[in-house]
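Accompanying notes for the structure given below.
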Amino acid sequence: MPNAVDRLAARIGEALGTEVRLERPKDPSHGDFATNVAMRSAKAVERSPRELAQQFAQEIAGLEEVTSAEVAGPGFINIRVADAFFLAALAEMGPEYGGGWADPVERVQVEMVSANPTGPIVVSAARNGAYGDCVARLLEFGGHEVAREYYYNDAGAQMDRFRESIAALRRGEPVPGDGYRGAYVEELAKADDDPVPKMLSSIEHTMERFRIHFDSWVLQSKLEQRLDEFLPKLDTYEQDGALWARSSAYGDEQDWVLIRSGEKGGAPTYRAADVVYLVDKLERGFDRAIYVLGADHHATARWYAAIARMLGLDPGRVEVLLYQFVHLTRGGESTKASKRAGNVVFLDDVMDEIGVDATRWYLVNRGPDQTIEIDLDLAAEKSQKNPVYYVQYAHARIAAILRNAESAETGGPPPGPLATEEKELIKRLTDFPVTVREAADRRGPQLLPSYAIRLADDFHRFYHECRVLGDPAQSFRLGLCRATQQVIARSLDLVGVEAPERM
RNA sequence: GCGCCCGUAGCUCAGUGGAAGAGCGGCGGCCUUCUAAGCCGCGGGUCGGAGGUUCGAAUCCUCCCGGGCGCACCA
């Protein structure tokens, strides 16, 4: 359903006889909207951009909802619109504003985190979850059917090492050199039972606290049981006693071992399970399988595509999202994260220190291609000044106004011309559908925190300049507050941050 | 050596063809009125470098420099 901005662009395009895209100038003195249509069209009609812009501007200025259209710079047309435009735009911001664009609706699986249950979730895995869950939330908001899955290796060499480390402690022996250490290992060694289920349940608890709810948990050992069914369907060969997948013939950079040779001869590698898992995902009816992987697994993307081709499946249904690492610092000192060495910072510790909201915010704040550096001391110490609280504060302020307004009428017309701050705020709200859509399409959730900050910024300015309660514009401004509150709440929810009523 | 990612203000980073930004840090103003976790102002830049494409490049292409990660049976 086109919104007010789309309709305005369409009307201008109709008047000019060409497609027009409206932009929001960064500098408000450049007008409410701007278009580069003259610069785009100038070459085709062999006219100078500025001259063409002059002609276009005159035609645009003649439109009903436009109050002025001026040429600027190399041929931009800066447009100002009438109050009626803002009122119409505000009026159509319902509860699902910005969402529901999915067409066709896809069944999507987002597989994320999937850390081996050899220890608590560390910060890099948390970024995986924060990123994947945010993409999942965006797709859900768009209208897609999304399932979140956690895949874990319960049978590989790392798990053997983990179990052996605990077994050694139970025998009163030191942990082997390549084993796992740390307080949690010693804690698990105190009991007699299998440490893996305990670790898994602890991970699930951490994830729920982190506001990620998994719909399903898949075991590597279960998938391996179906290996015999799929190995014959693959393009393989034997070499040095091992069974190899000829993935290099299907777009991968190299071939990979599926079944080991030597001492562990006959044992499958994790890549063998990958094959079963890929088919399993698509068999379950997902139109799209999204894998969220750390940058150290970037080569895996080609592997997945290669096995899809090898099996005659559409590689376009498989999507790999990569993210860079997280560096934690304490007072400027970097902390090296190694689970086995036991000197890591766990997600639970970070949430204890800076809170769940700030943790989620920081982990999707930056683009996935960007390494993140978080100084925990700074994050804890300056928590009052974190952008996340700045945004939440705007929400809480609005909640306070609405509380104080009690059951007063909202959404009435303004008694006079709109204030600059009211227009700026409404324009920012019209950016929301575009931002959400772009964040979803680009798998770039970092656009949301940036947007939320700008929105909060516009609201705080509005709040400072425009009295709501007791003002003749009360009814209208209450409606504006309500719409703003809703969009802030939605922006925060999409990144997994709460929108408090009071602070 | 090959592949992927990054290089924008003192620091951490937004900005994926259109008019260079935010937060933190520094300096200075604003609370008898809906939450001052707020608002306003000041200072701060060869967008790593060199070419190219384009009316227009932080953005796209090539090369170079610097940093991170990966490169055959651990995941």
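First the proteins, then the strands, lettered A, B, ... as listed; each starts at 1. Keep in mind the model is a prediction, meaning the values are calculated, not measured.
The side chain of A:His460 lies closest to B:G38, out of B:C69, B:G38, B:C5. Residue A:Tyr393 has its side chain nearest to B:A37 when only B:A72, B:A37, B:C73 are considered. Residue A:Ala72 has its side chain nearest to B:A19 when only B:C6, B:C39, B:A19 are considered. Taking every side-chain heavy atom of A:Tyr389 into account, B:A37 is the closest of B:A75, B:A37, B:C5. The side chain of A:Ala34 lies closest to B:A19, out of B:C39, B:A19, B:G18. Among the nucleotides B:G70, B:G38, B:C55, the one closest to any side-chain atom of A:Met39 is B:C55. Comparing B:G38, B:G17, B:A72 by their nearest atom to the side chain of A:Arg40 picks out B:G17.
The gap from the C1' atom of B:U32 to that of B:C27 amounts to 29 Å, rounded to the nearest Å. A distance of about 43 Å separates the P atoms of B:G26 and B:C64, rounded to the whole Å. Taking the C1' atoms as reference points, B:C55 lies 36 Å from B:U12, given to the whole Å. When the P atom is used for both B:G21 and B:G44, the distance is 14 Å, rounded to whole Å. As rounded to the nearest Å, B:G52 and B:G10 have P atoms that lie 29 Å from one another. Using atom C1' as the reference point in both B:G29 and B:A20, the two lie 28 Å apart (nearest Å). Across the P atoms, B:G15 and B:G7 are found 10 Å apart, a figure rounded to whole Å. Rounded to a whole angstrom, the distance from the P atom of B:C24 to that of B:C39 is 9 Å.
A:Ile372 comes within contact range of the sugar-phosphate backbone alone, with a heavy-atom separation under 4.0 Å but no base atom that close. Within 4.0 Å of A:Ala295, counting heavy atoms only, lie sugar-phosphate atoms of the nucleic acid but no base atom. When heavy atoms are screened at a 4.0 angstrom cut-off, A:Leu322 is found touching no nucleic acid atom at all. Using a 4.0 Å heavy-atom distance criterion, A:Asn78 is classed as a base contact. Residue contacts shown for A:Gly367 are limited to sugar-phosphate atoms, with no base heavy atom under 4.0 Å away. A:Ser261 comes within 4.0 angstrom of a nucleotide base, judged by non-hydrogen atoms across all strands. Using a 4.0 Å heavy-atom criterion, one finds that A:Asp471 contacts no nucleic acid atom at all. Residue contacts shown for A:Asp27 are absent, as no nucleic acid heavy atom lies under 4.0 Å away.
Put simply, the side chain of A:Glu501 reaches to within 4.5 Å of the side chain of A:Arg403, judged on heavy atoms. For the pair A:Ser68/A:Ile79, no side-chain contact is recorded, criterion being any heavy-atom separation below 4.5 Å from C-beta on. Residues A:Leu480 and A:Leu478 fail the side-chain proximity criterion, which asks for heavy atoms closer than 4.5 Å.
Taking 90° from 0 as the syn/anti boundary, the base of B:C31 is oriented syn.
A donor N or O paired with an acceptor N or O is found under 3.5 Å between the base of B:G3 and the side-chain atoms of A:His298. Under 3.5 Å, the side chain of A:Gln370 and the base of B:C13 form no donor-acceptor pair of N or O atoms.
A sub-4.0 Å separation between OP1 or OP2 of B:G15 and a side-chain N or O of A:Gln446 is present. Note on A:Arg271: every side-chain N or O is 4.0 Å or more away from OP1 and OP2 of B:C73. Contact between the side-chain N/O atoms of A:Arg24 and the OP1/OP2 oxygens of B:G18 is not found at any separation under 4.0 Å. Within the 4.0 Å cut-off from OP1 or OP2 of B:C39, at least one side-chain nitrogen or oxygen of A:Tyr390 is found.
With its ring centre under 5.5 Å from that of the base six-membered ring and a plane angle below 30°, A:His30 counts as stacked on B:A19. Both thresholds, 5.5 Å between centres and 30° between ring planes, are met by A:Phe76 relative to the base of B:A19, so the two rings are stacked.
The structure places CG of A:Leu231 at 5.0 Å from CD1 of A:Ile259, a figure rounded to the nearest 0.5 Å. How far OG1 of A:Thr35 is from CD1 of A:Ile77: 6.0 Å, rounded to the nearest 0.5 Å.
If you look at A:Tyr390 and A:His460, their ring centroids are closer than 6.0 Å.
Under a 4.0 Å N-O distance rule, the pair A:Glu149/A:Lys281 does not qualify as a salt bridge.
Between A:Tyr180 and A:Phe162, the ring-plane angle classifies as perpendicular under the 30° and 60° cut-offs. Ring geometry, A:Tyr151 versus A:Tyr277: the interplanar angle falls under 30°, so the pair is classed parallel (tilted spans 30 to 60°). Relative ring orientation between A:Trp256 and A:Trp303 is described as perpendicular, the plane-to-plane angle rising above 60° on a 0-90° scale split at 30° and 60°.
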Taking only Watson-Crick and G-U wobble pairs with both distances under 3.5 Å, what dot-bracket line describes RNA chain B, where [ ] shows pairs that cross earlier ones and | shows pairs with another strand? ((((((((.[[[[.)..(..]]]].(((((.......))))).....[[[[[..)....]]]]])))))))....
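If you take CD of A:Glu424 and P of B:C39, they are 15 Å apart, rounded to a whole angstrom.
Looking at residues two or more places apart in sequence or on another chain, you find a salt bridge (Lys or Arg N to Asp or Glu O under 4.0 Å) between A:Glu164 and A:Arg171. Annotation: salt bridge (Lys or Arg N to Asp or Glu O under 4.0 Å) contacts of A:Glu409 (sequence neighbours excluded): none.
Geometric assessment of A:Arg127 against the ring of A:Phe325 yields a negative cation-pi assignment under the 6.0 Å and 45° thresholds.
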Considering only nitrogen or oxygen atoms on both sides, find all protein atoms under 3.5 Å from nucleotides 30-34 of chain B and state each distance.
{"from": "B:U33", "atom 1": "O2'", "to": "A:Arg467", "atom 2": "NH1", "distance (Å)": "3.1"}
{"from": "B:C34", "atom 1": "O4'", "to": "A:Arg467", "atom 2": "NH1", "distance (Å)": "3.3"}
{"from": "B:C34", "atom 1": "O4'", "to": "A:Arg467", "atom 2": "NH2", "distance (Å)": "3.1"}
{"from": "B:C34", "atom 1": "O3'", "to": "A:Asn404", "atom 2": "ND2", "distance (Å)": "3.4"}
{"from": "B:C34", "atom 1": "O2'", "to": "A:Asn404", "atom 2": "ND2", "distance (Å)": "2.8"}
{"from": "B:C34", "atom 1": "O2", "to": "A:Leu469", "atom 2": "N", "distance (Å)": "3.0"}
{"from": "B:C34", "atom 1": "N3", "to": "A:Val468", "atom 2": "N", "distance (Å)": "3.1"}
{"from": "B:C34", "atom 1": "N4", "to": "A:Tyr463", "atom 2": "O", "distance (Å)": "2.7"}
{"from": "B:C34", "atom 1": "N4", "to": "A:Cys466", "atom 2": "O", "distance (Å)": "3.0"}

Enumerate all atom pairs, one protein N or O and one N or O from nucleotides 20-29 of chain B, separated by less than 3.5 Å.
{"from": "B:G25", "atom 1": "OP1", "to": "A:Lys385", "atom 2": "NZ", "distance (Å)": "3.3"}

Using the rule given for salt bridge (charged side-chain N to carboxylate O under 4.0 Å, His left out), can you reason through A:Asp441 versus A:Arg437, listing the C-alpha separation, both sets of side-chain angles and the distance that settles it, and then say yes or no? CA-CA 6 Å; A:Asp441 291 349; A:Arg437 190 63 200 273; 3.4 Å; yes
Check against side chain to side chain donor-acceptor pair (under 3.5 Å), A:Asp369 and A:Tyr323: CA-CA 5 Å; A:Asp369 286 338; A:Tyr323 62 93; over 6 Å; no
From CA spacing to verdict: ring pair (Phe, Tyr, Trp, His ring centres under 6.0 Å), A:Phe459, A:Phe462: CA-CA 5 Å; A:Phe459 175 76; A:Phe462 160 81; 5.8 Å; yes
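Of the residues in residues 494-503 of chain A, those placing a heavy atom less than 4.0 Å from an atom of RNA chain B are A:Glu501, A:Arg502, A:Met503, in numerical order.
A pairwise comparison of heavy atoms in A:Tyr131 and A:Leu322 identifies CE2-O, 3.9 Å as the closest pair.
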